[in-house]
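Encoded as structure tokens, the structure appears first; notes follow it.
Below, read A as the first sequence line, B as the second, and so on, with proteins coming before strands; counting in each chain starts at 1. Since we're looking at a predicted model, the values are computed, not measured.
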Number of protein chains: 2
Amino acid sequence: MANQLDSFFSAIADPTRRAVIERLTRGPAPVSELHAPHDMALPTFLKHLKVLETAGLTRSVKKGRVRTVHIETEPLAQAEHWLTTQRKLWEGRLDRLSALAERLEKGGDA
Amino acid sequence: MANQLDSFFSAIADPTRRAVIERLTRGPAPVSELHAPHDMALPTFLKHLKVLETAGLTRSVKKGRVRTVHIETEPLAQAEHWLTTQRKLWEGRLDRLSALAERLEKGGDA
DNA sequence: GAGTTGGTTAGCCATGTGGCTAGGTAATGT
DNA sequence: ACATTACCTAGCCACATGGCTAACCAACTC
């Protein structure tokens with residue numbers, strides 16, 4: 001039961017990391033550029049990047065001294081799917097309940 | 001930028017709590033019933049319930065000595081929306097890239 | 001009214017997380 | 001060759017998180 005949703009959701013639970021993801025949807029970027037808008041030390045920021053990468057949300061390649069990071073949407077789709085499923089199950093249940101209520105109202109034979 | 005997505009995502013990053021949500025999509029339930037399938041002490045489990053409730057994923061009412069918990073789908077929809085947006089942005093970008101590649105192939109005037 | 005049930009509070013503990021500094025290495029610019 | 005850039009490693013610290021036990025209260029049951 002403890003699948004990759006664990007690491008995925010906890011990865012995007014952090015605002016810094018969500019911001020990185022948002023940036024990466026506009027295309028790949030080197031570490032330094034990703035770091036720039038965030039007011040924290042580089043090593044701290046690198047930890048965030050590592051979390052994203054081990055959770056499978058990003059990949060990166062190093063060329064020379066520059067590491068370029070890009071996004072990986074597969075996990076996004078998976079998480080989306082889990083959320084959708086739960087919401088629809090609940091909403092489906094509500095639908096059945098209101099249908100039942102309607103039936104009871106009309107032919108009140110229960 | 002640090003909205004309720006923070007607490008939402010970190011709430012569902014835990015397998016126990018996701019299991020509770022999954023259970024609740026089949027309808028409201030009292031604390032004891034929710035607790036039953038989980039091999040942990042009640043107080044520990046109550047903490048999980050509290051996390052879910054403060055994150056706005058559930059609500060609960062106490063009647064007599066029984067507290068009944070039910071799900072709240074609004075936050076689910078919001079989180080879903082964030083994920084969808086990010087995925088689509090990225091995929092849209094890919095589309096534009098491949099369209100560009102195609103144009104370059106045909107009338108190679110760049 | 002004594003016992004049981006369902007939930008709650010308080011407090012302890014180990015581990016995880018997010019921040020820092022200091023110092024290092026390898027590639028590139030001058 | 002020397003300096004600078006871009007990133008990485010190690011190690012420290014404070015606080016959050018997820019687990020526990022013990023003890024408690026309030027509501028039913030008998």
Side-chain angles (χ1 to χ4, degrees), chain A residues 1-24 27-71 75, chain B residues 1-24 27-71 75:
Chain A
M1 280 282 172
N3 29 10
Q4 24 188 179
L5 286 177
D6 277 44
S7 54
F8 175 86
F9 282 129
S10 84
I12 59 172
D14 184 282
T16 300
R17 291 191 297 253
R18 276 203 310 282
V20 170
I21 292 298
E22 285 170 3
R23 164 63 190 81
L24 287 178
V31 169
S32 47
E33 188 185 324
L34 291 174
H35 174 223
H38 299 282
D39 189 22
M40 65 177 67
L42 219 214
T44 308
F45 186 72
L46 285 181
K47 277 194 191 176
H48 286 297
L49 288 186
K50 188 164 196 184
V51 170
L52 287 173
E53 190 151 357
T54 53
L57 274 106
T58 62
R59 292 201 183 189
S60 66
V61 270
K62 190 163 184 177
K63 195 172 185 180
R65 47 182 177 171
V66 175
R67 176 176 297 278
T68 303
V69 184
H70 65 93
I71 204 175
Chain B
M1 281 280 172
N3 29 10
Q4 23 186 182
L5 286 177
D6 277 43
S7 54
F8 176 85
F9 282 130
S10 84
I12 59 173
D14 184 281
T16 300
R17 291 190 297 252
R18 277 202 310 282
V20 169
I21 292 298
E22 287 171 3
R23 165 62 189 81
L24 287 178
V31 169
S32 49
E33 187 185 323
L34 291 173
H35 173 225
H38 299 282
D39 190 21
M40 65 178 64
L42 219 212
T44 307
F45 185 72
L46 284 181
K47 279 195 188 174
H48 286 296
L49 288 186
K50 188 165 194 184
V51 170
L52 287 174
E53 190 150 356
T54 53
L57 273 107
T58 62
R59 291 202 182 187
S60 66
V61 270
K62 190 164 183 177
K63 195 172 186 181
R65 48 183 177 170
V66 176
R67 176 176 296 279
T68 303
V69 184
H70 64 93
I71 204 176

Worksheet item: Atom CZ of B:Arg65 and atom P of C:dT4: how far apart are they, to the nearest Å?
Response: 12 Å
Worksheet item: What is the distance, rounded to the nearest whole Å, between atom CG of B:Leu46 and atom P of C:dT8?
Response: 6 Å
Discussion item. Over all strands shown, is A:Thr44 touching base, sugar-phosphate only, or nothing at heavy-atom distances under 4.0 angstrom?
Written reply: base
Discussion item. If you compare every side-chain N and O of B:His48 against the phosphate oxygens of D:dG19 (OP1, OP2), does one of them come in below 4.0 Å?
Written reply: yes
Worksheet item: In whole Å, what is the span from the CZ atom of A:Arg17 to the P atom of C:dT17?
Response: 9 Å
Practice prompt. Could you check if a side-chain atom of B:Leu49 sits within less than 4.5 angstrom of a side-chain atom of B:Thr58, using non-hydrogen atoms only?
Written response: no
Worksheet item: In whole angstrom, what separates B:Asp39's CG from D:dG18's C1'?
Response: 14 Å
Practice prompt. Scan B:Thr68, B:Leu42, B:Val66 and name whichever one has a side-chain contact (heavy atoms from CB on, under 4.5 Å) with B:Val31.
Written response: B:Leu42
Discussion item. Does any part of the side chain of A:His48, heavy atoms only, come nearer than 4.5 Å to the side chain of A:Met40, both counted from C-beta?
Written reply: yes
Worksheet item: How many Å lie between NE2 on B:His35 and C1' on C:dG6, as a whole number?
Response: 12 Å
Discussion item. Rounding to an integer number of Å, can you tell me how far B:Leu42 CG sits from D:dA23 P?
Written reply: 17 Å
Worksheet item: For the pair made of NZ in B:Lys62 and P in D:dA27, what is the distance, rounded to whole Å?
Response: 8 Å
Worksheet item: Considering only C:dG11, C:dG7, C:dG18, which nucleotide approaches the side chain of B:Lys47 most closely?
Response: C:dG11
Practice prompt. Looking only at side-chain atoms of B:Pro30, point me to the closest of C:dT8, C:dG7, C:dG18.
Written response: C:dG7
Practice prompt. Measure from the side-chain N and O atoms of A:Arg59 to the backbone N and O of A:His70, and report whether any donor-acceptor pair falls under 3.5 Å.
Written response: no
Item to complete: Would you kindly give the CG-to-C1' distance between A:Asp14 and D:dT17, to the nearest whole Å?
Response: 15 Å
Worksheet item: Considering only C:dG7, C:dT9, D:dC8, which nucleotide approaches the side chain of B:Pro43 most closely?
Response: C:dT9
Discussion item. Please confirm whether the shortest side-chain N or O distance from A:Ser32 to OP1 or OP2 of D:dC7 is below 4.0 Å.
Written reply: yes
Worksheet item: Quick one: does A:Arg17's side chain have a donor or acceptor within less than 3.5 Å of a partner on A:Ile12's backbone?
Response: no
